[in-house]
Amino acid sequence: MPLREFKIVVLGSGGVGKSALTVQFVQGIFVEKYDPTIEDSYRKQVEVDGNQCMLEILDTAGTEQFTAMRDLYMKNGQGFVLVYSIISNSTFNELPDLREQILRVKDCEDVPMVLVGNKCDLNDQRVIGTEQGAELSRKFGGCAFLEASAKNKVNVEQIFYDLIRQINRKNPVGPSKKEKKSVCMLL
Amino acid sequence: MSSSNLSNQGAAMGSDLFDVITQQDQVKGDVLAKNQKLLFDLKREISLSSKNNFTLDRDVKIIDKKIALLVKNRISLEDVLQSGEALDLNSKTTTIKDKSKREFYGQLFYLLQNNTHYIAQLAKLVKVGEIDNLLQCVMFTLYGNQYEEKEEHLLLSMFQKVLQEEFKEATSIGSLLRANTALTRMMTTYTRRGPGQQYLKQSLIKPLQNITNERDMNLEVNPSTVYEAYINDYETKTGKPSPLKRKVSPEECAQNPQVKEIIAPRIEKLISLGDAFLDSIIGSLDSVPYGIRWICKQIKELVEKKFAPNVTQSQTCGLIGGFFLLRYINPAIVTPTAFMLVENILPNSKKNLTYPAKMLQNLANNVMFGGVKEFFMEPLNVFLNKNRDRLNDFLEKLTKVENLDENLNMDQYVALGKSTETNITITLNEMYFVHSLLEQHINVLAPNPDDPLRLILSDLGPAAPQLSRAENANVELKLINRFADQQAESSNPDQIYTETKHLLFNVLREMATYNKQVPQSQQITSFAAMFQVAANAKNLELQDNLKKIVVNMKILIQKHNYAHNDQDMIGKMKKDLVNEFFNFDAHIQKSNSDLEKLKQVLAAIQEHNVFLQQQIKVYEEYLNNVKASYDTADSSKKKDKKKDKKDKDSKTTTTTTSGSSSPKSSKKGPFKFAYSQLEKDGMIIESEVPNDKRSMIFFNFTSEQPGIFDVVLMYRNVSVTEIRLQLDELLEMQSVGKVEYETDFIKLNVNLLIFLLNKTFVTGDNPVDKKK
């Protein structure tokens, strides 16, 4: 079985921890310091359900001034991680627009996506309840939802693994199995 | 003339101001007056046009979004056409018929404009969806006169209040100004005004062109991408599969000698491009707009006040850079078309531009490349090391500007005799929108029952609902100060002083013309005599002005200790005025250069306007086409109604062109290729075709239109199935790094496919076909 490639894009407001989640997943290290990202790209090979996968992860700018760059990477991405911070209302409220834009650019209703409430280690400062996140994921057509902590490495791998499985379900490995009127029968 | 010399003369002549006024160079006075009038008109036109552009820009985005939805069949064509029709609301004006309503609104917006805490608080209270509309109204209407110092001053002091709040709530330096909040939106909207955009043009166009003018420049230094591009390039050029293994680890890619060879000169190039950006930005320090520098200064002062002494210079600079570079300069570098800095951008330039932006950003963040983040950026640390001190020095200098009051006084000094009346151009919907927001949040904004805001709102009654776009129109609203008396008591003594000085100047000028007509002995020198003259002449305005001077002087002397007594006070003001007269030439010069600058600004705004109009025209044409096809579809079949843009481009084009008169003259092919040959060439990567059948299979390639290819799979000369290939789609796949073209039963190598199609159809040199 050849190595499959997966293009994953991490999106969300400034300061929610997109880089922290990405670097934690790729390098296994928690970056404590906040440094605004413009656009960083990482690659990592993982094994999911017995298949080797090469992930290309694009860590994007949360700063709203860079929104004009979004169209391009939405077009190229296959799966999307939508991140908010459980200690900030506004980061949560910005996500529906973001999802809407992805669907528009992709021109498709069913795009592999995971909703992530990051910073779940800061439970004492929480303003977005777990149920609110689950509710939003239901509004997002029942997309996967996880609360995570880049700091304590909670649910970090699960985010990316879930996304890979979704992409796999949508485009099964090998020639597509639908429309199986295929050549073999015709021949 | 040295300044000490000047003040001596001023003192000497101060006692006889009339002489100066009568002797003042009438010609120069006229020039200055004319320039001031021109400046005033120009500023007005700029503020109206830039507001116009701002709304136009938003309209373009809205209609763009709606067309996208239309394509997905989410909304009906009628919805889109409706928003398209009402696009030109700019020229429509109206008046509010009800006089008292007009006045109350005039009072309301005067109060909001001059008491900035209302808007500052409101910006934090409104919902996400409301903030943009509110900010548009604030930046382009309430303080829309972008080159009028008073409005700029008020707008900035509103900022100050919001910034202070933000710092009050901050728990650590690291979290400051990072999230997207009402404040950061405000800062961005502010940089979008005329002066901010003008500076971007001045400092960025040149270094940007180093990149955007280069069609073939490639600055990619990510080894994985370079490695793949190298393979693709090899395959597309030679038509042979590359011997290199695909999808290897980034580290392995980086070790590849060819990749190393490609990257090394790009690093050099990036460093020199980064230097060019930095040189240009640092070199244009003096043209950074005052307001933007002032915001940097506020950030610095607030950080130091809140976190001292535990704050380092690099932390402060990081925060200033977080505003100046991250939110102002860098967005313009990565998406220069959105800022009108570059007209068209090549796809390769887009990616290239992210590198200098990342370099500047790390410089401002004071973070080295590499470590746990992108390892391949490490060689660019050379750039960071050699420029860190330069940038920090620049960011420090950026904050070295005068405080608001000093800056304002300097400007008012020039504004001799300016009219105090203020008008704003506002739409009915903006008025109703702000009104309803104030209504909703009145308890927070004005907890006190006799707050001026409450009084005006209760006079106004409930806010009217929003009008449809067709009913909405602009209103010329005269701002009225309802609480003038109370305000004089509480306002800034410097402002009272300047106002009084202007009044005195106007009064003395009028007296001077009177004095010319009477013999020396009867000339007026005292206030009492002036009152007499004003009363005799029944000149109400003169009487009012005199009264106001007396009241203001009383406030200044008794409350603020500005002078010992009236005589002392008048002497001081006279001296100031004389100094101003001696600076006539300087004022004229400054007004000339201001005029020149503003003309450039207006030209840029008008250029942008033309661009936006063109965009709208394109949309209109598109909508007309859609409409035309809808109409024909309607008359024929109903199911055609759900026809989308893509469909039209591909499959349906064949039927429409065959139906119309255009002949199929460009048909090429069929060209025949054996399955086994393509498999051998590495074109076929995976296949579900049973092994024993493969030798009997051929592919027939034909093209009826340039760029579109039909491939028929033939088994023993019987057509089995057909694939349609589009060159655009293949190139697009290649550009995003997809190398496999999947069909129901085989996977093909995109690079080799492009090579084959080019070779067969474009150059006409068919390598395999024997029959044709």
Side-chain angles (χ1 to χ4, degrees), chain A residues 2-5 7 13-16 19 23 26-27 29 31-45 54 56 59 61-69 72 75-76 85 88 90-91 93-94 97 103-105 107-109 171 174-176 178-184 186-187, chain B residues 65 68-69 71-72 127-128 174-175 178-181 184-185 188 222 224-225 246-247 249-250 318 322 326-328 330-331 334-335 337-338 350 354 357-358 361-362 365 367 371-374 644 646 685-690 693 696-697 713 715 720-721 736-738 742-747:
Chain A
L3 192 58
R4 263 200 101 183
E5 218 170 32
K7 286 180 193 290
S13 279
V16 297
S19 301
V23 173
V26 177
Q27 312 276 18
I29 293 167
V31 223
E32 185 122 22
K33 197 161 171 274
Y34 270 139
D35 294 313
T37 305
I38 289 182
E39 186 181 288
D40 287 345
S41 151
Y42 299 91
R43 271 170 208 246
K44 185 181 169 79
Q45 190 175 334
M54 177 62 94
E56 188 185 324
D59 177 21
T63 314
E64 65 200 343
Q65 285 75 11
F66 291 94
T67 46
M69 297 172 81
L72 189 68
K75 212 167 102 197
N76 296 344
S85 152
S88 158
S90 64
T91 66
N93 294 332
E94 275 179 47
D97 275 354
L103 298 187
R104 211 164 60 223
V105 172
D107 193 8
C108 172
E109 279 299 319
N171 313 301
S176 90
K178 62 185 173 180
E179 284 186 67
K180 205 58 182 150
K181 54 165 187 175
S182 114
V183 215
C184 318
L186 294 165
L187 288 175
Chain B
K65 200 167 169 179
L69 289 172
V71 168
K72 287 171 62 188
K127 297 190 200 83
V128 187
S175 62
R178 275 287 278 143
N180 300 329
T181 61
T184 59
R185 282 271 163 102
T188 312
N222 183 336
S224 304
T225 317
R246 280 184 184 275
K247 292 169 193 163
S249 75
L326 184 68
R327 295 191 191 258
Y328 180 41
N330 276 342
V334 291
T335 47
T337 42
K350 270 189 197 168
T354 57
K358 283 167 81 164
Q361 198 51 49
N362 269 47
N365 289 352
V367 185
V372 293
K373 296 206 176 169
E374 300 176 316
D644 76 10
K646 262 198 189 142
I685 304 167
E686 272 179 61
S687 172
E688 288 201 346
V689 179
K693 304 247 164 84
M696 307 289 206
I697 293 175
L713 185 149
Y715 178 70
V720 179
T721 182
V736 302
K738 270 186 158 170
E742 291 184 34
T743 73
D744 286 347
F745 54 94
I746 50 172
K747 271 191 193 172

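In what follows, chains carry the letters A, B, and so on, assigned in the order in which the sequence lines appear, proteins first and then strands, with residues in each chain numbered from 1.
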Next on the checklist: I'd like to check the side-chain hydrogen bond (donor to acceptor under 3.5 Å, both in side chains) partners of B/Thr335; sequence neighbours left out, ordered by chain and number.
Outcome noted: none

Checklist entry - Mind checking what makes side-chain hydrogen bond (donor to acceptor under 3.5 Å, both in side chains) contact with A/Ser41, not counting sequence neighbours? => result B/Asn222

Next on the checklist: I want to check something: taking the side chain as every heavy atom from C-beta on, are A/Tyr34 and B/Asn365 in contact at a cut-off of under 4.5 Å?
Outcome noted: no

Next on the checklist: Is any side-chain heavy atom of A/Thr37 closer than 4.5 Å to one of B/Gln361?
Outcome noted: no

Item to check | Under 4.5 Å from a heavy atom of chain A, the part of B/Thr184 involved | outcome: both

Next on the checklist: For B/Asn330, which atoms come within 4.5 Å of any heavy atom of chain A: side chain, backbone, both, or neither?
Outcome noted: both

Next on the checklist: Under 4.5 Å from any heavy atom of chain B, what part of A/Lys44 do you find: side chain, backbone, both or neither?
Outcome noted: neither

Checklist outcome for this item: So, the part of A/Ser88 with a heavy atom under 4.5 Å from chain B: the answer is neither

Item to check | Rounded distance (nearest 0.5 Å) linking atom CD of A/Glu5 with atom CZ of B/Arg246 | outcome: 9.0 Å

Checklist entry - Rounded to the nearest 0.5 Å, how far apart are CD of A/Gln65 and OG1 of B/Thr188? => result 3.5 Å

Item to check | A/Gln27 (side chain) donor-acceptor with B/Val372 (main chain) under 3.5 angstrom | outcome: yes

Next on the checklist: Looking at A/Ile38, is its backbone amide N or carbonyl O close enough to the side chain of B/Lys358 to form a donor-acceptor pair, meaning the two atoms are under 3.5 Å apart?
Outcome noted: no

Checklist entry - Can a salt bridge be assigned to the pair A/Asp59 and B/Lys373 using a cut-off of 4.0 Å between side-chain N and carboxylate O? => result no

Item to check | N-O pairing of B/Arg185 and A/Glu64 below 4.0 Å | outcome: yes

Next on the checklist: Would A/Met69 and B/Lys350 count as a side chain to side chain contact (heavy atoms under 4.5 Å, CB included) here? Give the steps.
Outcome noted: CA-CA 9 Å; A/Met69 297 172 81; B/Lys350 270 189 197 168; over 6 Å; no

Next on the checklist: For a quick test of reading the model, state the closest non-hydrogen atom pair linking B/Pro250 to A/Arg43 and the distance between them.
Outcome noted: CG-CB, 3.6 Å

Checklist entry - Run the side chain to side chain contact (heavy atoms under 4.5 Å, CB included) check on B/Thr225 and A/Glu56 step by step: do they pass? => result CA-CA 10 Å; B/Thr225 317; A/Glu56 188 185 324; 5.6 Å; no

Checklist entry - Given the options A/Thr63, A/Val23, A/Ile29, which has more heavy-atom pairs under 4.5 Å with chain B than any of the others? => result A/Thr63

